[in-house]
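Notes follow the structure.
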Amino acid sequence: MPQCSNCDGFVTEAYVRVFAPDGMDAVRVCPNCEDKLRDGAEVREARSTRGG
């Protein structure tokens, strides 16, 4: 079962296929990560809180 490398949360195989870098079987950050986000090929700290 694929997991997020940042929070160890569950992600689907389809999510990994789209958002993981080539050759990796896990994503570096997922939608559940409130403190980080993808920025192109990098992962960075969120500048503001996401959601509500």
Side-chain angles (χ1 to χ4, degrees):
M1 168 167 45
Q3 291 181 303
C4 172
S5 296
N6 182 53
C7 72
D8 293 326
F10 169 76
V11 292
T12 65
E13 289 182 16
Y15 189 86
V16 172
R17 191 170 44 251
V18 172
F19 293 108
D22 290 340
M24 290 186 68
D25 58 354
V27 292
R28 297 168 293 174
V29 64
C30 73
N32 297 322
C33 295
E34 295 180 7
D35 61 334
K36 300 201 183 289
L37 54 91
R38 287 182 311 280
D39 187 10
E42 303 295 320
V43 173
R44 66 170 173 83
E45 295 289 324
R47 294 187 182 116
S48 63
T49 58
R50 297 189 285 175

**OP:** Please determine which of V16, V18, N6 meets the side chain to side chain contact (heavy atoms under 4.5 Å, CB included) test together with V27.
**Re:** V16
Subject >> Residues clustered with M1, ILVMFWY side-chain links under 4.5 angstrom >> reply: F10
**OP:** State, to 0.1 Å, how close V11 and C4 come at their nearest heavy-atom pair, and which atoms those are.
**Re:** CG2-N, 4.3 Å
Subject >> Partners passing side chain to side chain contact (heavy atoms under 4.5 Å, CB included) against S5 (at least two apart in sequence or in another chain) >> reply: A26
**OP:** Evaluate whether atom CG of D25 has more than 12 neighbouring non-hydrogen atoms of other residues, nucleotides or ligands under 6.0 angstrom away.
**Re:** no
